[in-house]
Amino acid sequence: MDLSKNYIPAAVEEKWYKHWLSKNYFKSVPNDRTPFTIVIPPPNVTGVLHMGHTLNETVQDILIRKARMSGFNACWVPGSDHASIATEAKVVDMLKREKGIDKKDLSREEFLKYAYEWKEKYGNIIYNQIERLGCSVDWDRVSFTMDDYYYKAVIKVFVDLYNKGLIYRGARMINWDPVAKTALSDEEVEYKDVTGKLYYIKYYLVKSELSVVNEENNSIYNSQLTTHIVIATQRPETIMGDVAVCANPNDERYANLKGKKVIVPLINKEVPVIFDDYVDKDFGTGILKITPAHDINDFNIGLKHNLPVVDTLNEDGTLSKAAQIYVGEDRFVARKKIVEELKQKGLLVKEEEYITRLGYSQRTNAVAEPKISTQWFIKMRELARPALQTVTSGEVKIHPGEKFNATYKYWLENVKDWCISRQLWWGQQIPAWYDEDGNVFVAETNEEAKKLATGNKQLTRDEDVLDTWFSSWLWPIEVFKGITEPNNKDINYYYPTSVLVTGQDIIFFWVARMIMAGMEYMHEKPFSDVYFTGMVRDKQGRKMSKQLGNSPDLLHLIHEYGADAVRFGIMISSPAGNDLLFDENSLEQGKYFNNKLWNAMKLVKMWGEKLEVTSYQLQDTSGFAVNWFENRLNEVRTTVDNLMNQFQLSEALKIIYSLIWDDFCSWYLEWIKPPFEEKISENIYSKTISFFDELVQLLHPFMPFITEEIYHLLKERNDDLIVKQFSKAKEFNSEILQQGNTLKEIITAIRDARHKHNIRQKEIIKLHIETADEKQYEPIKNILARQTNAGSISFSTTPANSFISIVSGKEKILIETNIEIDTAAQKEKLLKDLNYLKGFLNSIDKKLSNDRFVQNARAEVIELERKKKLDAESKIHAIEQSLSSLE
RNA sequence: GGGAGCAUAGCUCAGUUGGUUUAGAGCAUCUGCCUUACAAGCAGAGGGUCCGCGGUUCGAACCCGUGUGCUCCCA
């Protein structure tokens with residue numbers, strides 16, 4: 001077979017994915033093996049996968065493939081999330097832009113038809129991307145949070161929680177999204193610091209109530225008579241909703257206003273002056289306007305003082321009739337106009353810049369409006385308790401724990417009730433029916449609601465849908481139908497799942513709530529480990545965003561580099577929990593790595609074409625190489641297992657990379673490489689193939705396609721790598737590993753000397769080695785000679801020609817050559833080494849001559865220091881000898 | 001304002017109960033190589049006040065305190 005010069009991923013990837021599918025390798029059904037289960041964090045059907053998903057999906061595929069190859073019944077459930085508010089916003093936008101349709105002109109059913117079309121389109125794009133990335137998900141288990149059974153589960157849970165008294169309906173201050181025109185949960189609001197303005201506005205006192213003020217105490221106005229007070233506000237457009245003004249009871253400046261009334265500007269409404277400790281004397285003018293409908297603190301003060309609520313905003317953020325003026329104008333337009341009018345009427349005293357925090361809707365990026373609204377809520381306290389317990393007890397382990405345990409704990413200890421109703425159509429419609437008198441009946445179906453309602457009254461269903469997270473929190477249960485068909489075979493087998501891999505940004509939205517739902521409905525944690533990935537940022541550390549255009553297209557990257565290289569690139573520099581600075585260079589590195597593997601395979605196969613039947617002895621050159629690599633491989637396998645058990649995937653990949661590139665390709669293959677035009681012995685060849693098998697197996701979870709391809713090209717096979725089971729890693733002999741290291745060091749030292757003295761590679765040299773242990777060179781001397789292009793190695797003769805003297809470890813090596821040698825350069829290098837070693841020796845001597853060290857340190861430590869001392873001394877001796885021979 | 005995390009080579013990061021060296025890797029850089037697997041390669045090298053200061057200890061990149069800077073969460 002002709003093999004291409006370089007590795008070409010495209011054809012290979014498609015071929016193997018199809019093959020794996022046809023063999024049902026991704027499929028999992030309950031059996032007597034131990035399950036290893038992952039449920040995918042369902043991507044929103046709002047668009048395509050971004051780099052954050054790519055990282056998460058890759059991590060999950062690595063874990064699931066590793067488990068599949070380690071004897072587990074591996075099950076990875078794919079799916080997607082209807083993402084209520086985000087998707088509805090996109091669909092509304094698309095309808096307007098592409099079809100000129102306004103949502104309000106559609107019926108609920110018509111709108112949902114369009115939404116389902118959207119879901120079909122983007123859901124499929126996402127599934128295709130997951131496939132192209134090589135993810136080994138069980139495609140027979142695809143779940144969508146609005147599938148019929150899933151919908152029923154959500155409804156069932158709502159009714160159940162309602163009946164348990166954990167869900168209630170009531171008027172509360174919530175965050176309102178004026179663009180999506182829906183309530184939001186507290187978690188869906190993101191706060192940003194912005195520079196706003198503080199407007200100082202005159203409120204006149206009601207004329208009959210003018211009073212004398214103390215000039216000294218009122219720092220603002222020095223009139224004999226107080227005719228007005230000045231109030232600072234960031235939101236002049238809400239003054240029409242004012243129901244009082246409020247000062248601190250200890251503020252002497254305003255003490256004389258007790259029992260007085262002021263006039264709200266522009267609408268000339270009289271409101272009382274009240275007093276409350278809440279007011280900060282030092283902020284603004286020390287007196288506040290109270291607008292209970294539009295500020296949570298004002299709302300609380302209003303409750304305390306029994307004040308009315310005047311809501312001056314419509315649901316789309318325009319001013320309502322209650323505002324009396326600028327009715328129908330957008331809140332921000334109205335603000336400008338009101339400021340202008342206040343200015344004209346001489347009621348605006350001043351404006352100043354002010355940095356404040358504004359809440360933005362996570363989905364539409366609109367400024368969220370605090371609003372009193374009747375919504376459905378979940379009481380979170382009771383649900384939080386067991387969810388907190390499972391994490392603090394270590395039943396659910398969070399990685400990296402040091403970073404997130406505290407955050408998790410804090411949120412659950414301070415959790416507030418969750419607003420779950422949304423004024424949208426795309427989602428599970430709330431199963432609550434109202435009769436003509438406003439009585440509410442919560443039931444799974446209309447029929448059951450009717451049974452609950454006494455008499456023959458007309459029932460109408462609540463129009464609202466549920467927060468998308470109210471469905472997502474059931475994900476690890478309901479993908480196995482644990483709610484709709486409790487105790488079925490799947491849920492009993494797969495639950496609790498093994499590990500959840502997700503972004504740290506949804507720890508409250510999703511992770512904490514899944515644990516709550518799991519404890520409530522399964523009485524057991526939903527997963528044993530949570531692996532938080534960091535955020536993927538660009539090279540400069542900026543968030544990936546469409547606006548910046550720094551978010552690369554996944555399919556494009558796969559096309560350019562191959563899926564394996566994309567997986568490699570994103571994994572090689574992503575320690576758990578740390579943000580990842582995405583750089584296409586690392587994908588290129590992955591591509592080069594593919595090519596390296598490919599060429600190593602070509603080389604080995606080439607040898608396979610001309611074998612000779614001989615047997616090797618371990619003392620032989622190749623024998624040493626085989627022996628050394630076998631031990632090295634087992635050492636790395638042990639390390640990799642440990643790292644992967646601790647979710648240190650990036651570290652594991654780095655070690656495998658170096659094992660393949662450095663140890664296998666650069667050292668081992670060179671050591672066993674037959675001389676030009678010569679043959680390789682059959683048993684070394686078959687050993688090499690089996691090493692290669694183990695290498696691609698080790699790498700397979702990270703780079704599945706090329707490893708499967710190479711596995712099949714190395715040899716005719718009946719099995720596939722994807723399901724090949726790992727054997728147990730064997731013990732390794734550290735003495736042989738040490739011998740290998742010594743060999744590598746000597747080779748490197750000689751090559752370095754050649755390089756420094758401009759002895760070209762083709763130039764044949766002679767080596768003279770002064771060693772205490774000549775025997776140790778027996779198995780390695782042929783390798784040494786070939787790797788340094790030495791014609792001979794002797795242990796006794798002194799060189800006839802000029803020579804270079806170098807020291808590697810304790811070994812003194814003389815390089816004999818016909819080329820003239822620069823003695824000064826040699827001396828310089830030797831002196832540098834000598835200097836280092838003397839400093840080193842000095843530091844050890846200091847330690848050993850310190851009585852307190854000798855008394856306090858552990859015996860092993862002291863022993864080690866003594867050994868280091870002897871070591872350093874003999875190295876120094878060797879260097880000094882070399883130096884003296886240069887004189 | 002409260003809390004958490006981080007600070008090690010130009011960049012990204014390892015450094016697992018304080019002692020295996022006077023701190024490692026990858027990438028980048030520099031030097032030399034068109035060696036018949038791979039120039040997407042080979043060989044070699046240089047590069048560090050482990051953020052500053054103070055403390056604990058025989059011994060600190062690691063533990064404690066403090067300052068500075070960055071990131072995130074919560075209000």
Side-chain angles (χ1 to χ4, degrees), chain A residues 3 5-7 186-187 190-191 296 357 359 400 402-411 414 504-505 507-508 534-535 537 539 541 561 565 572-575 577-583 585-586 588-607 642-643 646 648 650-651 653-655 657-658 661-662 665-666 669-670 673 676-677 747-756 758-762 787-789 835-844 846-858 860-865 867-869 871-872 875:
Chain A
L3 295 171
K5 182 162 185 270
N6 293 326
Y7 174 64
D186 295 346
E187 286 71 33
E190 286 170 354
Y191 292 88
I296 180 68
R357 268 180 102 82
E402 63 272 18
K403 215 167 173 177
F404 297 111
N405 280 334
T407 312
Y408 180 86
K409 194 170 163 232
Y410 183 85
W411 188 76
N414 297 281
Q504 54 197 254
D505 49 333
I507 180 167
F508 308 134
M535 221 179 343
R537 297 167 176 278
K539 242 205 284 206
Y561 299 96
I572 197 73
S573 57
S574 75
N578 268 11
D579 284 358
L580 158 89
L581 302 191
F582 179 80
D583 184 350
N585 277 342
S586 61
E588 195 165 53
Q589 196 188 340
K591 188 171 149 188
Y592 294 172
F593 185 38
N594 275 330
N595 199 47
K596 188 72 183 175
L597 278 160
W598 183 252
N599 278 290
M601 180 272 295
K602 271 164 56 189
L603 175 68
V604 172
K605 271 187 77 77
M606 204 176 75
W607 295 339
N642 289 335
L643 287 170
Q646 295 164 57
Q648 311 233 33
S650 179
E651 283 303 300
L653 178 57
K654 278 180 192 172
I655 287 179
Y657 174 80
S658 165
W661 199 302
D662 303 326
C665 294
S666 295
L669 290 181
E670 294 300 330
K673 192 183 241 176
F676 192 53
E677 295 285 284
I747 293 169
T748 302
I750 295 170
R751 283 172 175 171
D752 182 31
R754 292 184 70 122
H755 187 248
K756 289 234 159 69
N758 288 321
I759 304 169
R760 305 185 75 84
Q761 275 168 17
K762 281 175 184 155
Q787 292 279 280
T788 57
N789 198 16
N835 215 22
Y836 173 90
L837 281 167
K838 279 189 168 163
F840 178 57
L841 182 64
N842 193 27
S843 78
I844 297 169
K846 250 194 225 157
K847 265 190 211 173
L848 285 170
S849 59
N850 183 338
D851 286 346
R852 300 177 72 179
F853 171 72
V854 181
Q855 275 162 29
N856 291 314
R858 288 197 316 269
E860 310 95 85
V861 175
I862 298 172
E863 194 43 47
L864 200 70
E865 291 299 318
K867 223 184 119 206
K868 272 153 69 178
K869 180 182 158 84
D871 232 50
K875 284 179 191 173

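Not measured: the values here are computed from a predicted model. Proteins come first, then strands; the chains are lettered A, B, ... in the order of their sequence lines, and each starts at number 1.
If you check every strand for non-hydrogen atoms under 4.0 Å, Thr748(A) touches sugar and phosphate atoms only.
Taking the side chain as every heavy atom from C-beta outward, Leu597(A) and Trp661(A) never approach each other to under 4.5 Å.
With Gln646(A) contributing its side chain and Asn642(A) its backbone, the two residues share a donor-acceptor pair below 3.5 Å. Side chain of Ser843(A) to backbone of Phe840(A): a donor-acceptor contact under 3.5 angstrom is found.
Regarding Glu187(A), its CD atom lies at a distance of 13 Å from the C1' atom of A75(B), rounded to whole Å. Rounded to whole Å, atom P of G44(B) lies 9 Å from atom CD1 of Ile747(A).
Taking Gln787(A) as the reference, Trp667(A), Glu670(A), Trp671(A), Ile747(A), Arg751(A), Ile783(A) meet the side-chain contact (heavy atoms from CB on, under 4.5 Å) condition, with sequence neighbours excluded. Not a single side-chain hydrogen bond (donor to acceptor under 3.5 Å, both in side chains) links Lys591(A) to another residue, sequence neighbours left out. Applying the side-chain contact (heavy atoms from CB on, under 4.5 Å) criterion to Phe508(A), with sequence neighbours excluded, gives Glu187(A), Thr407(A), Trp411(A). Under the side-chain contact (heavy atoms from CB on, under 4.5 Å) criterion, Lys409(A) pairs with Leu388(A), Thr392(A), Glu413(A), sequence neighbours left out.
The shortest distance between the side-chain N/O atoms of Lys596(A) and the OP1/OP2 oxygens of C42(B) is below 4.0 Å. Put simply, Trp661(A) has no side-chain N or O that comes within less than 4.0 Å of OP1 or OP2 on A40(B).
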Please list, for nucleotides 24-34 of chain B, all pairs of protein and nucleotide N/O atoms separated by less than 3.5 Å.
| unit_1 | atom_1 | unit_2 | atom_2 | d |
| --- | --- | --- | --- | --- |
| G26(B) | O2' | Gln589(A) | NE2 | 3.0 |
| U31(B) | O2 | His755(A) | NE2 | 3.0 |

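Side-chain proximity of Leu864(A) to the nucleotides U20(B), C72(B), C38(B) is greatest for U20(B). If you check U21(B), A75(B), A40(B) against the side chain of Asn6(A), the one that comes closest is A40(B). The listed nucleotides are U71(B), A45(B), A40(B); the one nearest the side chain of Lys756(A) is A45(B). Residue Gln646(A) places its side chain closer to U16(B) than to any other of A39(B), U16(B), A23(B). Of all nucleotides listed (C38(B), U12(B), C58(B)), U12(B) comes nearest to the side chain of Leu581(A). The side chain of Glu865(A) has U20(B) as its nearest neighbour among A45(B), C73(B), U20(B).
Scanning all heavy atoms of the two residues, the minimum distance from Leu837(A) to Lys875(A) falls at CD1-CB, 3.7 Å.
A salt bridge is absent between Lys867(A) and Asp871(A): the closest approach of a Lys/Arg side-chain nitrogen to an acidic carboxylate oxygen does not fall below 4.0 angstrom.
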So what does the secondary structure string of RNA chain B come out as, 5' to 3', with Watson-Crick or wobble pairs under 3.5 angstrom, [ ] for crossing and | for pairs with another strand? (((((((..((((.....[....)))).(((((.......))))).....(((((..]....)))))))))))).

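Across the interface with RNA chain B, nearest-nucleotide mapping of Trp411(A) and Phe840(A) shows Phe840(A) to be the residue nearer the 5′ end.
A donor N or O paired with an acceptor N or O is not found under 3.5 Å between the base of A43(B) and the side-chain atoms of Glu670(A).
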